[in-house]
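As the structure is a prediction and not an experimental result, all values here were calculated from the model.
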Amino acid sequence: MTARTGKAVVLEEFGEPLALREFGIPQAPAGGMIVACGYGGICGTDLHLQQGHLPIPTPLVLGHEGYGVIRELGAGEHRDATGAPLAEGDAVMWASSIACGECPPCRLHREPTLCENRRTYGVNRPLTGDAELSGSWADHIVLQPGTTVVKAAEGVDPLAAMSLACAGPTVVHALFERRPVRLGETVVVQGSGPVGLAAAAFAHLAGAAKVILIGGPAERLALAAKAGIGDVHIEIAGAQDAGRVLQEVRDATGGYGADLVIECAGVPSAVAQGLTLARRGGSYLVIGQYSDAGDTLLNPHQIVHRQLDVIGSWAFTGAHLTEYVRLLPTLAARFDLAGLVTAFPLEQHAEAMAAVAAGAVMKAVLTS
């Protein structure tokens, strides 16, 4: 490496503007590496972090989803998650979290996403920790030993890879470990952001007979349709008569309800609505309530009368990221993933965050 300084976007205080700061780039740690972050995705969770909705340490470099090129490898042998050797110059993606492997969820329950000591880039790795550059909203990131790193999918546009960089692995976990889409099922997806689009896209690949995407605003649904994601697109955001819209969704299922409803909206009130969209004996898979957005009223009779399986799914592991990268060539060939992304230079992080908060873009990615 030649340049030994880099820039990163730092959350210093909740609710305050983010700062672009300069840092010295350290030597790569033994068993770890320095990656030049060409791309750092903005996730809805980042808005919650900036606003102080989750208890995280500050100051820290934000960004838990990224794509970059290895610039320096620390001492030791380096292979990616598939066993392929890694070298400087390789394009890679990496998992946002490192599980401890020792707490009860890791050791006993085989649930590393529930790790009690999970270290997550861009979320709980403060500047006072083992490395200042521990987020992807930067031109360099220090990846520590134990990070799941996987070579980027060949022939796939980096922006396409970044379109679902967090949402994709999150949905892989939900649909692989928690409740799969079964051949021929009718699937309703609540929410037309990146998580909703990932759920709908994977439902297509899994063999769903019909995928109904419900969300908004209309521009997002139109973008999803243009990308080839979803068979039916129904707007509910801002609807004056939500009951009428929900009936339209039921009608689109054939009147009986969906075999599987996947909640990806992140709006608490969507949960009560979603319970009424599943058929009797169906399933309700909740992915979108990642941050605590508050309580909501629901009618438990909807669960009992419909005899629903109600399932939650939290985050993802390196194995799920690896599966996402393996699927990227298929996803990118079928769906216009790059068309979902709006790129912003790192220096325009404030404009990018504002666009995400306003719903003006589907997926914002910072570039450096």
The test is side-chain hydrogen bond (donor to acceptor under 3.5 Å, both in side chains); show your working for His320 and His173 and say whether it passes. CA-CA 6 Å; His320 305 118; His173 173 222; 4.8 Å; no
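In the hydrophobic cluster analysis, where Ile, Leu, Val, Met, Phe, Trp and Tyr join through side-chain heavy atoms closer than 4.5 angstrom, Met353 is grouped together with Leu366. Using a 4.5 Å cut-off between side-chain heavy atoms of Ile, Leu, Val, Met, Phe, Trp and Tyr, with links allowed through other members, Ile214 and Val189 fall into different hydrophobic clusters. Val123 and Val61 are assigned to two separate hydrophobic clusters, defined by single-linkage of ILVMFWY side chains at heavy-atom distances under 4.5 Å.
Within the 4.5 Å cutoff, side-chain heavy atoms of Phe23 are placed close to those of Leu127. Contact of the Leu54 side chain with the Thr45 side chain is registered, since non-hydrogen atoms from C-beta on lie closer than 4.5 Å. Residues Leu47 and Val356 are in side-chain contact: their nearest non-hydrogen atoms beyond the backbone lie under 4.5 Å apart. Contact of the Pro194 side chain with the Met362 side chain is registered, since non-hydrogen atoms from C-beta on lie closer than 4.5 Å. The side-chain heavy atoms of Ile262 and Leu175, taken from C-beta on, include a pair separated by under 4.5 Å. Tyr284 places a side-chain heavy atom less than 4.5 Å from the side chain of Gln190.
Surrounding CD of Gln307 are at most 12 heavy atoms belonging to other residues, nucleotides or ligands under 6.0 Å away. Annotation: Leu108, atom CG; neighbour count of heavy atoms from other residues, nucleotides and ligands within 6.0 Å is above 12. Counting heavy-atom neighbours within 6.0 Å of Phe14 CZ, excluding the residue itself, gives a total above 12. At most 12 heavy atoms of other shown residues, nucleotides or ligands fall within 6.0 angstrom of atom CG in Asp295.
Atoms NE2 and OG1, on His64 and Thr120 in that order, are 9.0 Å from each other to the nearest 0.5 Å. How far CG of Leu73 is from NE2 of His78: 4.5 Å, rounded to the nearest 0.5 Å. Atom-to-atom distance recorded for Glu12:CD and Leu60:CG is 10.5 Å, nearest 0.5 angstrom. Between Tyr324 atom OH and Thr170 atom OG1 the span is 10.5 Å, to the nearest 0.5 Å. The OG1 atom of Thr296 lies 8.5 Å from the CD atom of Gln273; values are rounded to the nearest 0.5 Å. Of the inter-residue distances, the one linking Arg71 atom CZ with Cys37 atom SG reads 11.0 Å to the nearest 0.5 angstrom.
For Arg179 and Glu263, the salt-bridge test fails: no basic side-chain N is under 4.0 Å from an acidic carboxylate O. Taking 4.0 Å as the cut-off between side-chain N and carboxylate O, Arg21 and Glu132 do not count as a salt-bridged pair.
The minimum heavy-atom distance between Thr322 and Ala81, with the atom names listed, is OG1-CB, 3.4 Å.
Aromatic ring centroids of Tyr290 and Trp314 lie under 6.0 Å apart.
The residue from Val325, Val150, Val149 that alone fulfils the side-chain contact (heavy atoms from CB on, under 4.5 Å) condition with Val92 is Val149.
In this model, a donor atom of one side chain and an acceptor atom of the other lie less than 3.5 Å apart for Arg250 and Gln247.
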